[in-house]
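A note on names: the letters A, B, ... follow the listed sequences, proteins ahead of strands, and every chain is numbered from 1. Predicted, not measured: the structure shown is a model, and the values here were computed from it.
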There are 2 protein chains.
Amino acid sequence: MHDQHSQALKGLKLKATPKRLAILNLLAEESVYTSPEEIWRKLQGKFGRLGLPTVYRNLEELAAGGMISKVIHPNRQLYYYFCPNRHHHHHFICISCRKVEDIDFCGMEEITKNVSGTVLSHIVQVNGLCRACSNRQEGGAS
Amino acid sequence: MHDQHSQALKGLKLKATPKRLAILNLLAEESVYTSPEEIWRKLQGKFGRLGLPTVYRNLEELAAGGMISKVIHPNRQLYYYFCPNRHHHHHFICISCRKVEDIDFCGMEEITKNVSGTVLSHIVQVNGLCRACSNRQEGGAS
DNA sequence: TGCGTAAATGGAAATCATTTCTTTTTAGAA
DNA sequence: TTCTAAAAAGAAATGATTTCCATTTACGCA
Ligand SMILES: [Zn+2]
Ligand SMILES: [Zn+2]
Ligand SMILES: [Zn+2]
Ligand SMILES: [Zn+2]
């Protein structure tokens, strides 16, 4: 009722439960994309009990509602990221340190026009090594 | 030594084994993206024995070599697709009938310039319903 | 402010696609 | 034909994610 996230949750018809808010807040503080299990571990202390399924469920709901975004990882596990940038955009993700950088380009308007059918969603993601990890690797090589 | 696929495999330093070629040929005939298990089922008859791990292994190698492409599916399972279109492009996939349509647009040159780091790969995929499935659904609704 | 109800949660258990391991077989170069 | 690294089989493991259901909770409403 006073918190920004609570408002957004209301918009999605999701109850503002303490755990849901905690998950959201944790992700919002986190600067890298994160796995459900990591989130679960970090929040265990703050709650007497917290089920892993609860974390999975919430992340999925939040992602479905557009409050957080999924990261497609080569290892095929689930990762989520909260991006303060509220307009439509995509991400460059570092597969080493998990940093995320915004990509403000999206060619979907163009593409959608040339597709024969109904577009339901689209994925645009660039994978690589961020500047820091890129340099580190370069330096580390013999 | 005579087959087109064999040549390509040679280029990737992969032996042209009967099973590998069969997998490749099956995918090439298939008009939709397909799962490892489906490929395995369809090829069981042609070989006395065919291990599911063999199918998984081959698909991964072929994808790594760029001979086939992976499809990112909402259900998070693996799907592969052989696209005759040999130049760089992306896909519109129907999540209902699994049809694939080429998208000849890719903004990666632009994007890569604005990314601070090393780009290793990129994903561009449009998910939706193809014309046929789209109409079918529309008609089916009350 | 107290109720009622749908939504949310915990915890244990299941799932099941994918991977790993080890032994045996085979493609392809010499 | 011989040799060797690559490929394949088969069984077993894996482990992230999901399911189930009993219990608790948020919150709209009287
Ligand atoms: Zn972003
Ligand atoms: Zn977009
Ligand atoms: Zn294509
Ligand atoms: Zn591209």
Legend entry - Atom pair distance, as rounded to whole Å: CG in A/Leu9 and C1' in C/dA7: 13 Å
Inset, instruction - Check the distance between C/dT18's P and A/Leu78's CG and give it to me in whole angstrom. - result: 14 Å
Inset, instruction - Consider the side chain of B/Lys19, meaning its heavy atoms from C-beta on, and name the nucleotide among D/dA9, C/dG11, C/dT20 that approaches it most closely. - result: D/dA9
Inset, instruction - Classify the side-chain pair A/Gln77/A/Ser35 by whether it contains a donor and acceptor separated by less than 3.5 Å. - result: no
Inset, instruction - Classify the angle between the aromatic ring planes of A/His73 and A/Tyr79 as parallel (below 30°), tilted (30 to 60°) or perpendicular (above 60°). - result: tilted
Inset, instruction - Verify whether one side chain among A/Asn127 and B/His122 offers a donor that lies under 3.5 Å from an acceptor in the other. - result: no
Legend entry - Contact under 4.0 Å: B/Asn75 side-chain N or O vs C/dA17 OP1/OP2: no
Legend entry - Closest-nucleotide ordering on DNA chain C, the 5'-leading residue of A/Pro18 and B/Leu52: A/Pro18
Legend entry - Which nucleotide in D/dA9, C/dA8, C/dA17 has an atom nearest any side-chain atom of A/Arg76: C/dA17
Legend entry - Distance, rounded to the nearest Å, where A/Leu21 contributes CG and D/dT25 contributes P: 16 Å
Legend entry - Residue whose nearest DNA chain D nucleotide is more 5′ - A/Glu37 or A/Pro53: A/Glu37
Inset, instruction - Please state how far atom CG in B/Leu12 lies from atom P in D/dA7, giving the value in whole angstrom units. - result: 11 Å
Inset, instruction - Measure the distance from CD on B/Glu38 to P on C/dC16 and round it to the nearest whole Å. - result: 16 Å
Inset, instruction - Mind calculating the distance between CG (A/Leu50) and P (D/dT24) to the nearest angstrom? - result: 17 Å
Legend entry - A/Thr17 side chain near C/dT9 phosphate (N/O to OP1/OP2, under 4.0 Å): yes
Inset, instruction - Would you mind reading off the distance between B/Trp40 atom CH2 and C/dA17 atom P, rounded to a whole angstrom? - result: 11 Å
Legend entry - Any B/Tyr56 side-chain nitrogen or oxygen under 4.0 Å from OP1 or OP2 of C/dT18: yes
Legend entry - Inter-residue atom distance A/Leu52.CG - A/Arg41.CZ, 0.5 Å rounding: 10.0 Å
Inset, instruction - State whether A/Arg20 places a side-chain N or O below 4.0 Å from either non-bridging phosphate oxygen (OP1 or OP2) of C/dA8. - result: yes
Legend entry - Test item: B/Ile68 and B/Leu24 side chains (from C-beta on) under 4.5 Å apart, heavy atoms: yes
Inset, instruction - Measure from the side chain of B/Lys15, starting at C-beta and using heavy atoms only, and say which of C/dT18, C/dA8, C/dT26 lies closest. - result: C/dT26
Inset, instruction - Counting heavy atoms from C-beta on, name the nucleotide in D/dT19, D/dA16, C/dA7 closest to the side chain of A/Gln77. - result: D/dA16
Legend entry - First of B/Arg57 and A/Arg57 reached from the 5' end of DNA chain D, by closest nucleotide: B/Arg57
Legend entry - Under 4.0 angstrom between B/Arg49 side-chain N/O and D/dG10 OP1 or OP2: yes
